Amino acid sequence: KRSILSAVGQMRQLWARVQWEAEVRRQREDAEKKRTDLWLNRIMPQWERMKGYAWVQNKWREGLPAVVRGAVWTLASGNPLHLTEQLFQYYATRAQEALADGPPSESPAGSLRALRARSWSADSLRSLGGAGADGEGKGRGEGEGGSLSDAESSTGVGGEGLADPRSPVSVPRPAREESRRFLLAQELRRMRRAASKEESVHLIEHDILRTLAYTGMFNDGTDLNRSLKVVLGAYAMARPDVGYVQGMNYLAGMFLLYMEPEAAFMCLTNLLNRHFFLAFFSMDMEELQQMFRLYDESLRTALPQLATHLERVGVLSEHYLLKWLFTMFSKSLPLAQSAQVWDCFFLDGDIFLFRMAIAVLKVLQPRLLEADFEAAITLLQNLPQDLDSELLFAYARYVKIRDDVTDSMKKMQHTYCTPQYIPSLRADSGPGRITLPCSPLITSSERYRACIGSAPKYPFRASTGGALPLVSSV
């Protein structure tokens, strides 16, 4: 009898807990619905007027509803580079062509030897509609020791070390010349991209599956997987001076969770044009060291005891800060928390990332003060996934950053966006040049006008497997 009463009591407790959890869940859903209605029906229709109100900014810092997050990020980031959907189409098409051409050869000589060998192959001729392996006749001058095409001669192909291979197939001269011109142009495109950083587009494939892997949203075959390749490839073409750098996939992935590929490309390109990110992804070590110094000063001001302990055990800010800041915590925190970090970043600017980093250290301070070097590094590079969100963002909001640090950050951004005159080193080489570190290499107006009208409206459709239709070559 006692066992039966005990079982009944446990069932009642279990049922009461289930009811309590259901009520809490219902209250959260009601609160989320009211919050979404507020943003959709009151704030967004009057965005320009409402965005400056203190109560709106407080709601913003509490976290945006998912349904309006993409729109608010887009409005808050603006479009200072004046990017368009047509430019996105153009760069995405160039990225697709680069992937189709394949990576560059190890050396120019090796690539040209491969070019000559492939120019007589039956496969390459068939791909161009030429004769097959049993093609009729042999053109004048065909076969071993045949003359070079005009395209090859004009680029200096031929000469020492490039002996003519015996032709494996007898083909008409026009088909052979067409094949060789096509393959030479393809190889020259590879070599031109290798001179910049456009060839980094071939590295994107290796990082796609790592993007927010714990969510499974970017797995092979998903729409987000294909869209991420398109957006990152387009950025690598738009900024050949920067190319694709590991870590960009997390930033582009976060944008794609809340907006279409065209908008994600525009937001990503404008974001990475900010000094804070461009200095990192372009490997500007002088600027990075300056940012680390500003962060260290802020840490010593906010958490002097912890800063002293980390210095004593040998933990430097470089050991953990790069992973946190330049993916905006999307690689280190759960999705809900990292999305709220992004919300606050688009409201408060770059300095909020310093505040957030110090807030994370504040939450982990009791454990870090007892940790040696290895334990501290392990903890900082693999943050706990159960950090208290309310406590974390409360700390981040009230972390004090000295005015001189904030002013230095603004000055660095302003200097990075100010044209600089670089005098010529030689008296006979002109007056010098003007450089702007944050200025992207935007397509010339002629090429831009040429792609208008020929670019498709939508770059990606799931039914086409993510393939982009080619625009006319420019």
Side-chain angles (χ1 to χ4, degrees), residues 1-47 50-51 53-73 75-76 212-219 222 224 253-259 328-348 352 355-356 359-360 362-367 379 382-399:
K1 185 176 180 179
R2 284 195 299 269
S3 62
I4 293 175
L5 292 175
S6 176
V8 170
Q10 291 177 359
M11 292 180 64
R12 287 177 177 172
Q13 291 178 359
L14 180 60
W15 177 245
R17 182 174 181 82
V18 169
Q19 288 182 317
W20 175 78
E21 291 178 350
E23 178 63 20
V24 170
R25 185 164 54 252
R26 186 188 63 79
Q27 291 177 0
R28 288 178 179 173
E29 291 173 353
D30 290 344
E32 182 68 16
K33 184 177 182 301
K34 291 179 181 178
R35 196 161 59 100
T36 301
D37 290 342
L38 174 66
W39 279 92
L40 286 177
N41 301 323
R42 186 175 177 187
I43 298 176
M44 297 302 294
Q46 306 177 66
W47 172 254
M50 301 288 285
K51 66 180 181 180
Y53 291 171
W55 69 268
V56 173
Q57 294 182 358
N58 289 335
K59 293 289 184 182
W60 190 338
R61 291 187 180 95
E62 292 172 2
L64 297 168
V67 70
V68 302
R69 182 165 275 147
V72 173
W73 289 358
L75 291 169
L212 305 176
Y214 61 91
T215 66
M217 295 180 180
F218 294 91
N219 290 344
T222 62
L224 285 175
M254 284 292 290
F255 281 125
L256 283 169
L257 291 180
Y258 301 102
M259 60 187 73
M328 286 170 52
F329 291 91
S330 57
K331 190 177 181 180
S332 304
L333 293 176
L335 181 59
Q337 291 180 348
S338 59
Q340 190 173 349
V341 170
W342 283 54
D343 295 340
C344 297
F345 168 83
F346 284 112
L347 175 61
D348 296 327
F352 177 79
R355 290 196 182 104
M356 192 65 192
V360 171
K362 173 70 174 176
V363 173
L364 297 177
Q365 183 173 15
R367 297 168 63 177
L379 179 60
N382 301 277
L383 293 179
Q385 299 299 292
D386 57 350
L387 295 177
D388 188 325
S389 291
E390 293 186 4
L391 185 63
L392 186 63
F393 284 94
Y395 284 152
R397 183 171 181 178
Y398 295 107
V399 165

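Numbering of residues begins at 1 and proceeds along the displayed sequence. Quick caveat: nothing in here was measured; it's all calculated off a predicted structure.
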Taking side chain as C-beta onward, heavy atoms only, is Q365 less than 4.5 Å from K362? yes

Mind telling me whether F255 and F346 have parallel, tilted or perpendicular rings, with 30° and 60° as the class edges? tilted

Got L364 and L383 here, is their nearest side-chain heavy-atom distance under 4.5 Å? yes

Side chain proximity check, R69 to D343, heavy atoms < 4.5 angstrom: yes

On the 0 to 90° scale, with breaks at 30° and 60°, tag the W47-W39 ring pair as parallel, tilted or perpendicular. tilted

Reported CG-to-OG1 distance for the pair L335 and T215, which is rounded to 0.5 angstrom: 7.0 Å

Hey, is the main chain of K59 close enough, under 3.5 Å, to the side chain of R35 for a donor-acceptor pair? no

Write down the atom of A71, the atom of M44, and the distance for their closest heavy-atom approach. CB-CE, 3.9 Å

Does a salt bridge link K34 with D30, judged by any charged N lying under 4.0 Å from a carboxylate O? no

Heavy-atom neighbours of Y398 OH exceed 12 at 6.0 Å: no

Among Y258, W73, F352, which residue satisfies the ring-ring contact (aromatic ring centres under 6.0 Å, His included) criterion with W342? W73

Do the side chains of E21 and R17 get close enough for a salt bridge, i.e. N-O under 4.0 angstrom? yes

How long is the straight-line distance from OG1 of T36 back to CG of L64, given to the nearest 0.5 Å? 10.0 Å

Hey, is the main chain of L333 close enough, under 3.5 Å, to the side chain of Q385 for a donor-acceptor pair? no

Measure the shortest side-chain to side-chain distance between E29 and K33 over non-hydrogen atoms and say whether it is less than 4.5 angstrom. no

At their closest point, which heavy atom of A359 faces which heavy atom of A396, and how far apart are they? CB-N, 3.5 Å

Output the distance between atom CZ (R61) and atom CD (Q340), rounded to the nearest 0.5 Å. 11.5 Å

Whether Q337 side chain and S330 backbone form a donor-acceptor pair below 3.5 Å: no

Let me have the donor-acceptor pairs involving side chains of residues 3-16, under 3.5 Å, with sequence neighbours excluded, atom names and distances please.
none

side-chain contact (heavy atoms from CB on, under 4.5 Å) between L212 and L257: does it pass, once the steps are laid out? CA-CA 11 Å; L212 305 176; L257 291 180; 3.7 Å; yes

V72 side chain reached by W60 side chain, heavy atoms, under 4.5 Å: yes

Sub-4.5 Å side-chain heavy-atom contact between R42 and D37: no

Can a salt bridge be assigned to the pair R397 and D348 using a cut-off of 4.0 Å between side-chain N and carboxylate O? no

Side-chain contact test, heavy atoms from C-beta onward, threshold under 4.5 Å: evaluate it for P384 versus L379 and give yes or no. yes

Between S338 and F329 (side chain of the first, backbone of the second, donor and acceptor by atom type, cut-off under 3.5 Å), is there such a pair? no

What closest approach, in Å, do A66 and E32 show between heavy atoms, and which atom pair accounts for it? N-OE2, 4.4 Å

Side-chain donor-acceptor contact under 3.5 Å, Q19 with E23: no

Report yes if some heavy atom in the side chain of R355 is under 4.5 Å from a heavy atom in the side chain of F393; otherwise report no. no

